[in-house]
Amino acid sequence: MEIIVTKDYRELSRTVCEILEKQVIGKPDSVLGLATGGTPLGTYEEMVKGYEHRGVDYSCVTAFNLDEYVGLGRNHSQSYHSYMNDHLFHFLNIPKERVHIPNGMAEDLEQECATYEDKLNEIGPPDLQILGIGANGHIGFNEPGTSFASTTHVVDLAPTTRKANARFFTSLDKVPEQAITMGIRTIMKSRHIVLLASGSHKLKAVKTLIDSEPNEQFPASILKNHPHVTLVTDKSAKPYE
Ligand code: F6R
């Protein structure tokens, strides 16, 4: 695993944006795997600047998001559809038909998962997948205990994850209890994985990742088995000098 330590969050965001832009410039029809949450926000801001001021072209890119809450419509302010539109897609020239996010309102959720996985297999896998990390080691919404063989599936969110995400909702009880997420096996098919960790609250997770052997109780540890992972972490989330 390659590890890049940046001096702060701003530098982390610029570094990850550079990796993404290099990917898209080198292969204009790249498939990008994208994440939501707080950590990639700065990266997406930098990408928007890159599109507006440096002419980075996303017109041939395909995007797949990692996950979506079950029970939130695409127009709900806290759905990941809204998040991605508000922070990225609205500002870039990725054609709408090449943007893929699971439908958390699907009547048949199992079918939605199977269709999403098929689409990923047909069009993907992502050339570059962006990941954040949960304090409990989750990647996507694959909580501790998820099988490393999992494909896109419906998950019950861990109480700690709902609590961590409550900051985006008016109260904890408004945070959905389930989500659709790419599985661990799905994520591992990506050609290059860039894992972002920022802030002292991620220190323990980054330390566990570096110190532990792959085990299903700490989902991010599977990344040790992947041939091309770049961990980009700022100083406050870096466990060793
Ligand atoms: C988001 C996702 C999650 C987050 C993780 C970290 O699409 O799949 O795994 O990446 O919960 O979230 P933040 O960045 O808010 O700390």
Side-chain angles (χ1 to χ4, degrees), residues 6 9-10 12-13 16-17 20 32-46 63-70 72 74 76 78-89 99-104 113 116 120 126 128-146 150-169 172 175-184 186-188 190 193-206 208-209 218-223 229-234 236-237:
T6 64
Y9 177 67
R10 199 163 177 197
L12 174 146
S13 302
V16 178
C17 174
L20 276 153
L32 302 181
L34 299 173
T36 58
T39 318
L41 282 175
T43 301
Y44 296 156
E45 231 175 79
E46 292 298 326
F64 279 94
N65 260 75
L66 275 171
D67 39 27
E68 177 58 287
Y69 288 117
V70 167
L72 298 193
R74 58 184 64 226
H76 186 286
Q78 294 312 322
S79 73
Y80 287 165
H81 279 81
S82 290
Y83 171 107
M84 292 307 297
N85 287 333
D86 294 351
H87 297 291
L88 195 67
F89 296 146
V99 165
H100 305 281
I101 305 178
N103 175 11
C113 293
Y116 201 70
L120 268 157
L128 198 161
Q129 174 69 55
I130 299 296
L131 292 181
I133 183 168
N136 63 3
H138 74 217
I139 50 174
F141 273 135
N142 294 286
E143 302 286 17
T146 305
S150 55
T151 54
T152 302
H153 62 291
V154 176
V155 291
D156 293 332
L157 296 175
T160 49
T161 301
R162 292 187 65 239
K163 218 168 150 193
N165 288 2
R167 69 192 195 277
F168 300 114
F169 292 81
L172 179 59
V175 184
E177 294 189 354
Q178 289 189 312
I180 294 178
T181 183
M182 284 188 202
I184 301 274
T186 323
I187 292 171
M188 287 293 280
S190 309
I193 294 176
V194 181
L195 176 68
L196 284 55
S198 171
S200 53
H201 61 302
K202 294 294 170 75
L203 192 67
K204 199 164 157 229
V206 173
T208 308
L209 169 65
F218 194 80
S221 61
I222 188 68
L223 299 176
V229 175
T230 306
L231 165 64
V232 188
T233 173
D234 58 20
S236 55

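Just so it is clear, the structure is predicted and the values come from calculations on it, not from any experiment. In each ligand, atom 1 is the first atom listed, and ligand 1 is the first ligand listed.
- Ranking the protein heavy atoms by distance from atom 10 (O) of ligand 1 puts Gly132 CA, 3.3 Å first.
- Here the shortest heavy-atom pairing between Ala237 and Ala197 reads CB-O, 3.8 Å.
- In summary, the aromatic rings of Tyr69 and Phe169 are positioned with their centroids under 6.0 Å apart.
- Protein heavy atom closest to atom 5 (C) of ligand 1, with residue, atom name and distance, is His138 NE2, 3.4 Å.
- Taking every non-hydrogen atom of Asp67 and a distance limit under 4.0 Å, the qualifying atoms of ligand 1 come out as 1 (C), 2 (C), 7 (O), 8 (O).
- In the vicinity of Leu66, heavy-atom distances shorter than 4.0 Å reach the ligand 1 atoms 8 (O).
- Under the 4.0 angstrom criterion for non-hydrogen atoms, Met182 is not in contact with ligand 1.
- Atom CD1 in Ile101 sits 4.5 Å away from atom NE2 in His81 (nearest 0.5 Å).
- Here is the list of ligand 1 atoms found below 4.0 Å of a heavy atom in Gly140: 2 (C), 3 (C), 8 (O), 9 (O).
- Listed by first then second residue, pairs satisfying salt bridge (charged side-chain N to carboxylate O under 4.0 Å, His left out) with a partner in residues 34-46 read Arg14-Glu46, Glu46-Lys49, not counting sequence neighbours.
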Please tabulate, for the side chains in residues 128-142, all donor-acceptor contacts under 3.5 angstrom to protein atoms that are two or more places apart in sequence or on a different chain.
from   : atom 1 : to     : atom 2 : distance (Å)
Gln129 : NE2    : Gly33  : O      : 3.4
Asn136 : OD1    : His138 : N      : 3.0
Asn136 : OD1    : His138 : ND1    : 3.3
Asn136 : ND2    : Glu143 : OE1    : 2.9
His138 : ND1    : Glu143 : OE1    : 3.1
His138 : ND1    : Thr161 : OG1    : 3.3
Asn142 : ND2    : Ile139 : O      : 3.0
Asn142 : ND2    : Met182 : O      : 2.9

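- Considering all non-hydrogen atoms of both residues, Tyr116 and His100 come closest at OH-O, 3.0 Å.
- The shortest N or O to N or O distance between Thr39 and ligand 1 is under 3.5 Å.
- Only the backbone of Ile133 comes within contact range of ligand 1, with a heavy atom under 4.0 Å; no side-chain atom does.
- Below 3.5 Å of separation, one finds no N or O of Pro40 facing any N or O of ligand 1.
- How far CZ of Arg162 is from CG of Leu172: 5.0 Å, rounded to the nearest 0.5 Å.
- Distances shorter than 4.0 angstrom occur between a heavy atom of Lys202 and an atom of ligand 1.
- The distance criterion of under 3.5 Å between nitrogen or oxygen atoms is not met by His201 with respect to ligand 1.
- Atoms NE2 and CD1, from His153 and Ile180 in turn, are 10.5 Å apart once rounded to the nearest 0.5 Å.
- For ligand 1, one of its N or O atoms has an N or O atom of Thr36 under 3.5 Å away.
- Shortest contact from atom 15 (O) of ligand 1 to any protein heavy atom: Gly38 N, 2.7 Å.
- The line from CD1 of Ile184 to CG of Leu223 is 8.0 Å long, rounded to the nearest 0.5 Å.
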